[in-house]
Structures are given as C-alpha cells and as structure tokens.
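Have a look at the structure below, then the notes.
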Amino acid sequence: MKKYILKRVGMSVVTLLVIVLVLFVLMQLLPGSPFNDERLSIEQQQVLMSKYGLNDSAPVQFFRYVRNMLTGDFGKSYTISKDTDVALLLQNRLPTSLLLGGLSILLGSVAGLFLGVAAALKHNSLLDSAATFFSVIGVSIPSYVFALGLSYFFGFQLSWLPMLYNADDGLRAFALPAVALSMTVMATVARFTRTEMIEVLNSDYMQLVESKGVSGVHLIFKHALRNASISIITILGPLVVSLMTGSLVVEKIFSIPGIGQLMVQAIQSNDYNVILALAFVYSALYIFVMLAVDILYGVLDPRIRLAKEDAHG
Amino acid sequence: MREKILEVRDLAITFNTSAGKVRAVRGVDLDLHKGETVAIVGESGSGKSVTTKAIMGILSNNGAIDSGEIHYTFEHEGETVTENLLDFSKKQMRKTINGKHIAMIFQDPMTSLDPTMSIGNQIIEGMRTHYKTKKNEAQKKAVELLELVGITDPESRMKNYPHQLSGGMRQRIVIAIALACDPDVLICDEPTTALDVTIQAKILELIQDIQKKTGISVIYITHDLGVVAKVAEYVNVMYAGKIVEKGTVEDIFYDPKHPYTWGLLLAMPDLETNTDKLVSIPGNPPNMAHDIVGDPFYPRNTYALHIDKKVEPPLIEVSETHSAATWLLSEQGPEYSLPVELEDRITRMKEEAKLYAAG
Amino acid sequence: MDKPLNRPIQQTLNDFSFIGQDNVRVMDEVYEEDSFWKQLVKRIAKNKGSVFGFVTITLIIFMALVGPMISGYEFDEQIAGHESMAPRIPVMENFGIFDGSETLKTSTGELVVNKYETIEGGEDAYHWFGTDVLGRDLFTRTWVGTRISLYIALVAVIVDVFIGMSYGMISGYYGGKVDNAMQRSVEVLNGIPNLVVVTLLIIVLKPGLMSITLAIAITGWIGMSRVSRASMLKLKESEYVLAARTMGAKDMTIMYKEILPNIFSQLLIMSMFSIPNAIFTEAFLAFVGIGIPVPMASLGSLISENFKSLTTHFYMIVPPVLVLALLMLSFNLLADGLRDALDPTMKEV
Ligand SMILES: Nc1ncnc2c1ncn2[C@@H]1O[C@H](COP(=O)(O)OP(=O)(O)OP(=O)(O)O)[C@@H](O)[C@H]1O
Ligand SMILES: [Mg+2]
C-alpha cells in the first residue's frame, strides 16, 4: 500500500510540474503583452516590463515561476483589477466556487447513488426505465442548458429563487446554480451506479451471500454497495472536470463571484496572469482529487490495500 | 426407513431475455432423502443450476417460476413441518431456510467469495444473522469450521481476504461458510469443475467426509459421471430442462435406458478405453429460447424414432427406482440393442465393482 | 406412471421405427447466423432510444444542409427593422401560436406586441424561429450553426480513428518500453483538466474554427487510445496474428489488416461517445467567449449571443439550445444502443 501511494504521489507531482512548465512556456508564447497599449510610450512599457520581471532570462524566470506558484504568488492582475495580487482575487473567490462545487457534488452523488441503487434493485421495472431515461438526458445535456432553464423559469418567471447571485441570500443564492450543476453529477453517478450494482448483484459472491440468508440493508450496504463503490469512486475524477467546465458557464449565468466567472473575465480581457494562475489552480485541484480517488480506491479494495503482505508471502 | 426431506414436483422456470423467453427448466421432479446424496448430471445449459437456485430462492430477477412445488420437511420450533418453499417470500426464504436449513456451494471458488470482506467475517456472517451469535463465539466456531475443512493455521486465515488464497483453499472456505449454520441439505453445484485434478479429489473426499460426520443430505451437480459413481446413491440425468433418466447408481451405470445416458457413459474416460475411442455426443443441446417440439434429444440421437420428432416421451418406469423418458421403452418401441462399446464398458464396470467389493 | 399407449396420440404405422443413422448429420447444420450487419441493424432497431437517436440525427443533418437554403435569408444578413421579431410560422399562426406576437414584461404590467403588424412589409414576412437583436433570421442561423457542430462531430470521429486508435494500437503492439513511455505520457496529459488545455490553447492561437479543431484533436483521443490498446493487447497473441507474423507480414499490415476489423465495434461505440463531448467543447468555448468569431454562427455562439436577451426575448435562445441538446442526446442514445447491440456478452442468450 505504501508503495502504491508513493507511486501515485510521484505521478501527481510530475504531472503538476509538467503543467507549470507548460504554463511557463505559454506565458512566453502569448501573443503581445498587455502593455501593447498605444497610449504607453516605449519607455513606459520598458519600466513596466522590468517591474514585472519580464526581462530576465528564461531559466531564471522559470525557477522563480515554480517557486511563486508553489507559494501562491501568482503575480499581479494586468487588466481585471489593475495591480491587484492575483492571489488576493482568488482568496475571495475560491471559497465561493468550492462551496458551489461541493454542494453540487454532494447533491448529485447522493441523489445519483439513490437513483442508481433503486434502479438496479428493481432492474427491468418501470422505475429502472425512468431512471435510465433521466440519466441519459442528464448525461447528454450540458449543465448550462439546465442553468438557463432554471434561471428563466424559477428565477425570472416564477421568482421563487434569486436569479442572480447576491451574498445576502446565503445558501438560497446557491440553490439554482447548485441544482443545475448537480444534474450532470446525478445522472453520471446514477448511470454508473446502476451498471455496477447490476453487475455486482448478479455476481457469484452475491449469490453466496444470499444463500447464507443475508438480506435487506445488510446485503445492500455491506456487500453490494461496498463492492460497487470501488468502481463508482473512479468517476469522481471525470466528474470534477465536468464540474469545473460547467461552473465557468453557470457562474457566468448566475453571476456568481467565483473563480469560474473570474476565468471567463480573464479570458475575455486577456489577463494572462489570472488565466495562468487559474489554470494552475484548476489543475492542482484536479490532480489532488485524482490522487484522493486513487488512495481511496486502494483503501476500499483489499487487493491493493494488502498488496505488500502478498509480496512477503 | 428413508425419510424424505425434499420433494420437487413439476418445476418449470422461464427466463425473460432480450432474445425472448428461455424455458430453462421444463417440469422437473426430484426427491432427496435424509442422509443421502442425489446427483444431477447433464451437459452445460441443461438447467441443473437453475433448478437448484430455485430451491434456494436465488433465481435472478428475470427468472419466473411457471409451475411446480418444492416441498421441504424440516424442524421448526421443535416441530416437524413440511412447507412449499415456492410459497415463501424472498425475505422468508432468507430468514428461515437459506444457510440455516439449505446451504449451497458454487461452481467457481474464484468468484464466489466477496473480495472486500475478510474470510472470518464471511464465515461468521451467517451465524450472526440467523442466531445473533456473539462475535467471539462465532469466531471460535469459524476457526473450528476452518479446521474441519482442512485449513491449516485457521486463526490467521480468518483475517485473510479471498485474493490471498488459492482456488482449492477458497472452495474449502466456501464449504465452511455453507456448514456454518448446520444445514440439513447441502447443494453442491459442480464444486470441483474449476479446480485442478488433484485438488478436485481432495474436495470430493472432504464433502464425503463431512457427510459421514454430520449426516447431511446432499444434492450434487456435475457433468462428470465418474464423480457420480463416487459420491451419489441416486442419479438424475438432465437434458434440456427435463430429467430424462433417474435411478440408483446401479440402475444408471449397469442398466441405462436412455440413449443420452449411453452417450454420457461412453464419454466417460476409464482406464481400459484408450482416449481416442471416447465418443462424445454429436451436436449441441437445443436452444431453449426456441419452442421444443418432440424429444429435444432426437437431433443428436442415433436411436431416434419417427415419433420423437412429434411427441416428447414421458418418463416410463423400468423398476421401482428406475425410469427413463424415451420411446424405446414404450410397448410399441422397436427391438434394439445397446451400442457394443457400451456393452463392453458395462461388463468391465461390473467386474471392477466385484473386485472392489472383494478387495 | 401410465403407459404412453393409453394416450390419444395420432400415430402412423412407422412412428415407432428408427429414423436411421443420417438423422444426426442432417440436424447439425440447423444453426444459421445472420451477417454482422444484419444482426447489428436488427438489434439496434429493437432499442427505441437508438432508433430515436438515429432518426433525430438524420433529421438534424438534413435540416443543417437544407434549412439555410429554404429560409430565404442569409445567415449574416441584418435586416433593418426586423430586429427581435418573435417566431412566425405559416399555418400555425392561424391557431394562435407562432403568430409573431410576444408578451413583454414592463414596469406597468404585461404587454402583448406583434412586430409583424407594425413594421412596413411585416405582413408578408415570416421568421420561423424569429430574429435576433440585430435582425438576423434565427432559423437560418440555427441551421448554419448546426453545420459547425456536425463538422465538430466529424472531427471527433477522425481524431478518434487517426490519433486515438493509432496511438493505442502502436502502444499495445510494441509493448515494453514504448508502451510504458506512451502510457506515462497519456497519464500526465490526462492529469490536466481538459478545460485548462483547451482554453490555454485557444488563447495562444486565436479563436477560430482551426483552433477549436486543434483543441479537440489534442484532448479527444485518450479514451479511444485506451480501448484500442486493450484490444490490441488481447488480440496480439491470438492465433491469426501469430500466423500472419510467421508468414512475414509487416507490423503495419498486421495492425491495420488483421486487427482493425476486430476492434471495429469498439471504435464505432467510442467515436459515438466522443462526439457529444466534442460538440460540448465547442459550445462551451463559444459561451466563454473564445469560440467562432462573428458573424459566423455556431450553436454555442448563438446560445451565448442570445443569452443576453434571455429575460426579454426568451424565444431567441430556444432553437439553438434545443438543437444542441437534441443532438447530444441523440448521439448518446445511439452510442448506448450500439454498445448494447455490439456487446458480446449479450450474444450468449
Ligand atoms: N439469468 C438468466 N437469464 C437468462 N437465461 C438464463 C439465466 N440463467 C440461466 N439461463 C439459461 O438457462 C439454461 C440453463 O442454465 P443452467 O445454468 O441451469 O445450466 P447448467 O446445467 O447449470 O449448466 P453448467 O453445467 O454450465 O453450469 C441455459 O440455457 C442458460 O442460458
Ligand atoms: Mg451450472
């Protein structure tokens, strides 16, 4: 198990370094600098360039870059909020996005698990067909379509819930965006859970467990779900990616001050430091989740957890 | 006096599949007496497992029981009762029958243990659910069971997970699990098919051993007649969802009546026949998703009669213990003689048995 | 057990005589199989979802080809005076729907207006899906935009076949160090969220169809490479490949001639699944503001443009959203159906 974890951590670190390198190279390649403003004289531009350290040699810049990234120093925003530390921009927005993402994952997985298990237990029933139908729709239709629909009907037409984010609304402000984002999660989890559960429920070992006389909650939780969950957690990685993408759009639609909205602004106004910082944050977040999934996978599956003991006989 | 413990009558089971309805079992009768072993023999797909799964109440969801009764006689709260297991709900089956009275061993030990639960917990699970046995007591009994099934160093094995054990050991564990709640009936569904030959013999011995010690009744499924001779007193030959011949071991081996049984006997390797003279039955079993008209065996039967194409033969009694479903036994049936190789084979078997009994 | 002769069975004289030796031989040939394609079509036709998917995709392709031609407008034609007109469809207008009227929410209450009645020449004008704020016909724009999504779908398939499949096959075929290196690279690439790869790429290049194509080329092939590598590993040791090798066939010949036909099913399924992903990527980029430049239209850019009028002119956003959703749903349904139909485990029963 130790070896397994070490290998995963190693792989994660390598991936992160590759990303930083890519970001650094990209920074050099980016078309034009934000100071190509005609109102600035050449001298003024030079001053700015050296002020931001853009005149040093590449390796020097890279090492500084790695160090900065790891210490959370992402430089300053060029355009969105002139001369503000990017870290400061993130500081305010990251928690909002994490809360939104966390809510969506929680909502989606709980509902998805429930739906998937129910569909598998009542395989080939009406409930199963309905669950399958809804999950195909949920998987196929992008979250922002849900966001648009929810925002229009519940926010605008019915005015039940706030259409645009307002910090004073507290959790109510997250209701519509979280539901919109959780649709994909729910559908994916339900689909996957259903398939896995059907397979597990038809497996030989479940027949043995049943022929022991075990039934009900114990059967489902201790045996079926425990086995199915080993595969189910592996979809967490792809889900996080789709949540990130979805959050960009959803945050824009509901104008939630999170990192997604910041990313969209940065892209539209070519604020490269912000884009690169966010690229780093997204990647780091994703890599962290993938690592957590891998480790959890190892913990849940005794074939991996006990791998070391095997080697010793 | 033989005490009947299990009586299956006219059991018929259909599966709903994407390719239509599969009539896997088409009217099976089966009897099991206390302390005895009944074998079910037949090719792959003949419905052996499905029959026993119906007895256990673990048919998959797409399976439906069309007709039949399964009468089971057991001690319940100090009284002897006989119940039709098909009247029981799934929940009732789990609570009163499964594990406690009827236990099952499956074909493939590599897949029949839960990979995420320790061996010990899998063994004590039955006792804990049925009798609410205290954990340490259950564990003590589990260790004894492991010893009984021949696992060395049982205490430390309790903590192991299935992937840490070999196939033979896993099958011993499965047997221990089956015995955990002292059942009256043990169903063994090809318990040795997936194992290699030397281990097969050991597992077989173990089951016989346990039967001697506990007096348990056994239904033994196999497609190997050689195994049947070793373990069983009674034999049911199954083909395409029906019992085509039933009788004592002597009936089936020394006086077989059904051409399918002849085929199985000829396909059984023995010391004298050299292997290239072994005849396997030509062709394949019928597709059970199609309607069966006449005798399902006739396309593969060199002794087929014209009537076999139209009417499926019923079981025709040969003696009190022996009957077979073939028109050859009907009064109007033609004269026939057994295949020569089979005659030889039977003579040889009889001699062997005499030698065996004498020595 | 009663004797069978007592039963009322219609008998002919020779019922109880032997058929004879040739009985067995004759019957062995009964099993007959349909061809691969015939079976596939049969199985897919049974699955309602995939039939729906197939029909919808065909319809959408047809409309994308024909729609812009029959509308009578150009996709980038801004008709002065025709700004923000609600949908008006012949025939249907007589039933009080799609007659060009819309309800506006104002501070004083709701107001029903019909621009077709107020503007000059409006009587004879028909915009089936309405027009956008610049007075462009949305019917034309939606179907022109659909073309982009269909082009993207094609790109996704090509990427799967040429990059994904080749990568996986080469990795699996050569094995050892080559495989190791190639798989590690995939792992690293897979460790970067697509969102990041795609946005960075488009920012470095400039937004446009070419960049989007490239973005899909870079991110879209990983799933397929996994599948084809796995199949390759399985097939590599099989008899017919070994036979081909001993006959002296070249690596490339073996890969494409012998193995390709065998992983065709997986290829088909995987490309069907990657199409919706690719279509979504385009729509996403458009919504974030780095999609197809104006005045070109794609479903994504239409959604993004018309989103601004969500609360004032809701009808504008409906057609592109609906077509996009239907397209993605249909490809998913078709992919599901294909997988079920081609899944070998289902052939057993
Ligand atoms: N869940 C199921 N769904 C559909 N058909 C099934 C199902 N289970 C069994 N069958 C069919 O029922 C028939 C009998 O199967 P069964 O498993 O009883 O055969 P068997 O005699 O035990 O064979 P084997 O020796 O291979 O174990 C087969 O044709 C099989 O395809
Ligand atoms: Mg079986």
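Chain identifiers are assigned alphabetically (A, B, ...) following the order of the sequence lines, protein sequences preceding nucleic acid strands; residue numbering begins at 1 within each chain.
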Over 12 non-hydrogen atoms of neighbours within 6.0 angstrom of CZ in Phe280(A): yes
Is Leu189(C) close to chain A through its backbone or its side chain, or both, or neither, when contacts mean heavy atoms under 4.5 Å? neither
So CD1 of Ile192(C) and CD1 of Ile19(A): to nearest 0.5 Å the spacing works out to 4.5 Å
Region of Ile253(A) in contact with chain C, defined by heavy-atom distances below 4.5 Å: both
Report, as yes or no, whether the 6.0 Å neighbourhood of atom CZ on Phe288(A) holds more than 12 heavy atoms from other residues, nucleotides or ligands. no
Distance col, row Leu333(C):CG vs Ser140(A):OG, nearest 0.5 angstrom, shows 6.0 Å
If I compare all heavy atoms of Arg191(A) with all of Phe273(C), which pair ends up nearest, and what's the gap? NH2-CE2, 4.0 Å
Please report the interatomic distance CG(Leu243(A)) to CG(Leu195(C)), rounded to the nearest 0.5 Å. 11.5 Å
Residue Asp336(C) versus chain A: region with a heavy atom under 4.5 Å: side chain
Non-hydrogen atoms of chain C under 4.5 Å away: do they reach the side chain of Ser151(A), the backbone, both or neither? side chain
Would you sort out whether Leu148(A) and Ile303(C) count as a side chain to side chain contact (heavy atoms under 4.5 Å, CB included), showing the intermediate values? CA-CA 10 Å; Leu148(A) 287 171; Ile303(C) 296 172; 3.8 Å; yes
Whether over 12 other heavy atoms sit under 6.0 Å from Tyr4(A) OH: yes
More than 12 heavy atoms from other groups under 6.0 Å of OH on Tyr315(C): yes
Which region of Tyr144(A), side chain (C-beta onward) or backbone (N, CA, C, O), has a non-hydrogen atom less than 4.5 Å from a non-hydrogen atom of chain C, or is it both or neither? side chain
Would you give the length of the straight line joining atom CD1 of Ile203(C) to atom CG of Asn270(A), rounded to the nearest 0.5 angstrom? 7.0 Å
Which distance, rounded to the nearest 0.5 Å, do you find between the OG of Ser283(A) and the CG of Leu200(C)? 8.0 Å
Indicate yes or no for a side-chain donor-acceptor contact from Glu187(C) to the backbone of Met11(A) under 3.5 Å, with no hydrogens or angles considered. no
Given the rule in the side chain to side chain contact (heavy atoms under 4.5 Å, CB included) test, do Leu329(C) and Ile137(A) qualify, once you have shown the distances and angles that lead to the verdict? CA-CA 6 Å; Leu329(C) 181 66; Ile137(A) 289 187; 4.0 Å; yes
Chain C contact via Tyr286(A) - side chain, backbone, both or neither, heavy atoms under 4.5 Å: side chain
Given the rule in the side chain to side chain contact (heavy atoms under 4.5 Å, CB included) test, do Val139(A) and Met328(C) qualify, once you have shown the distances and angles that lead to the verdict? CA-CA 9 Å; Val139(A) 168; Met328(C) 291 187 53; over 6 Å; no
Looking at Ile141(A), Val145(A), Val249(A), which makes the most heavy-atom pairs under 4.5 Å with chain C? Val249(A)
Contacting region of Leu326(C) [heavy-atom separation from chain A under 4.5 Å]: neither
Phe314(C) vs Phe153(A) aromatic rings, parallel, tilted or perpendicular, using cut-offs 30° and 60°? perpendicular
Under a 4.5 Å heavy-atom cut-off, does chain A meet the side chain of Phe280(C), its backbone, both or neither? side chain
Met263(A) and Thr199(C) have their tightest heavy-atom pair at CE-OG1, 3.9 Å
For Thr245(A) and Asn194(C): C-alpha separation, side-chain torsions, deciding distance, then whether side chain to side chain contact (heavy atoms under 4.5 Å, CB included) applies. CA-CA 8 Å; Thr245(A) 332; Asn194(C) 275 357; over 6 Å; no
Bottom line for Val188(C): the part with an atom under 4.5 Å from chain A's heavy atoms is both
Looking only at Thr132(A), Leu248(A), Val18(A), the option with the highest number of non-hydrogen pairs under 4.5 Å against chain C is Leu248(A)
Shortest non-hydrogen pair, Gly191(C) vs Ile287(A), comes out as O-CG1, 3.5 Å
Take atom CG of Leu158(A) as the centre, draw a 6.0 Å sphere, and report whether it contains more than 12 heavy atoms from other residues, nucleotides or ligands. yes
Region of Pro276(C) in contact with chain A, defined by heavy-atom distances below 4.5 Å: neither
Let me know if Val241(A) has heavy atoms under 4.5 Å from chain C in its side chain, its backbone, both or neither. side chain
